[in-house]
Structures are given as C-alpha cells and as structure tokens.
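Reviewing the structure listed below.
All values reported here derive from a predicted model rather than from experimental measurement.
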Amino acid sequence: MKTLKNIFPLSFKWSKDVVGLIIGIVLYIVVAVLCGWAISLVGGIPVINILVPILGILLDVYCLVGLVLLVLAFLKVV
C-alpha cells in the first residue's frame, strides 16, 4: 500500500470528500488529454516517432490506474 501511495499520490490526496473526488477525476482527465495532445504534436518528428506510442500508452495506463485508485480510495476499499 505504501508503494501505491508513492506512485499515485494524487489518488490518495483527493479522496477525502466528494469535491476532492471530482477535482481528482477532472485533474487526471485533463492531464491525460493535454499530454496526449502534446505527444501527438511531437509524434511528427522521425527519430522520436518510435518512442511516442510507448510513452502515450504508459501515460494512459497511469491515468486510468490513478482514476481507479482514486475511486477505490474514496469508497474506502483500498
């Protein structure tokens, strides 16, 4: 559990009340969208084009797991 709190600190920080839950969800969605947009801009560079899809997948998985942990921490399951 300590490792999860170190890797996903925002999931446990924003899980205290409903307002924090909504802020956390919006934050994860905005970060995923903005980073996806930035990755699509950088994807046109030929040398970086190899690593961009891997970085995008890792970022999407991080945000998805963060959202799931946020909801589970709010429901006091984790």
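- Chaining together hydrophobic side chains whose heavy atoms lie under 4.5 Å apart places I54 alongside L58.
- Just one of L27, V19, V26 meets the side chain to side chain contact (heavy atoms under 4.5 Å, CB included) condition when paired with W14; it is L27.
- Among all heavy-atom pairs drawn from D17 and G20, the shortest one is OD1-N, 3.0 Å.
- Put simply, CD1 on I29 and CG on L34 are 12.0 Å apart, with the number rounded to the nearest 0.5 Å.
- The shortest heavy-atom contact between C35 and L59 is CB-CD2, 2.9 Å.
- Under the 4.5 Å side-chain heavy-atom criterion for ILVMFWY residues, no single connected hydrophobic cluster contains both L41 and V33.
- Contact between A32 and C63 at its shortest, heavy atoms only, is CB-SG, 3.8 Å.
- The OG atom of S15 sits 10.5 Å away from atom CG of L10, with the distance rounded to the nearest 0.5 Å.
- At a threshold of 4.5 Å between side-chain heavy atoms, the hydrophobic network of Ile, Leu, Val, Met, Phe, Trp and Tyr places L55 and I50 in two separate groups.
- Residue pairs meeting the ring pair (Phe, Tyr, Trp, His ring centres under 6.0 Å) criterion with at least one member in residues 18-69, sequence neighbours excluded, are F8-Y62.
- Cluster annotation: L67 and I57 are assigned to the same hydrophobic cluster (Ile/Leu/Val/Met/Phe/Trp/Tyr, side-chain heavy-atom contacts under 4.5 Å, transitive).
- Follow the hydrophobic side-chain contacts under 4.5 Å out from I22 and you reach V68 in the same cluster.
- Rounded to the nearest 0.5 Å, atoms CG (L64) and CG (D60) are 8.5 Å apart.
- Note: the hydrophobic cluster containing L51 does not contain V61 (ILVMFWY, side chain heavy atoms under 4.5 Å, direct or indirect links).
- Taking NZ of K16 as the start and CD1 of I23 as the end, the distance is 13.5 Å to the nearest 0.5 Å.
- Under the 4.5 Å side-chain criterion, counting only non-hydrogen atoms from C-beta, V18 is in contact with F74.
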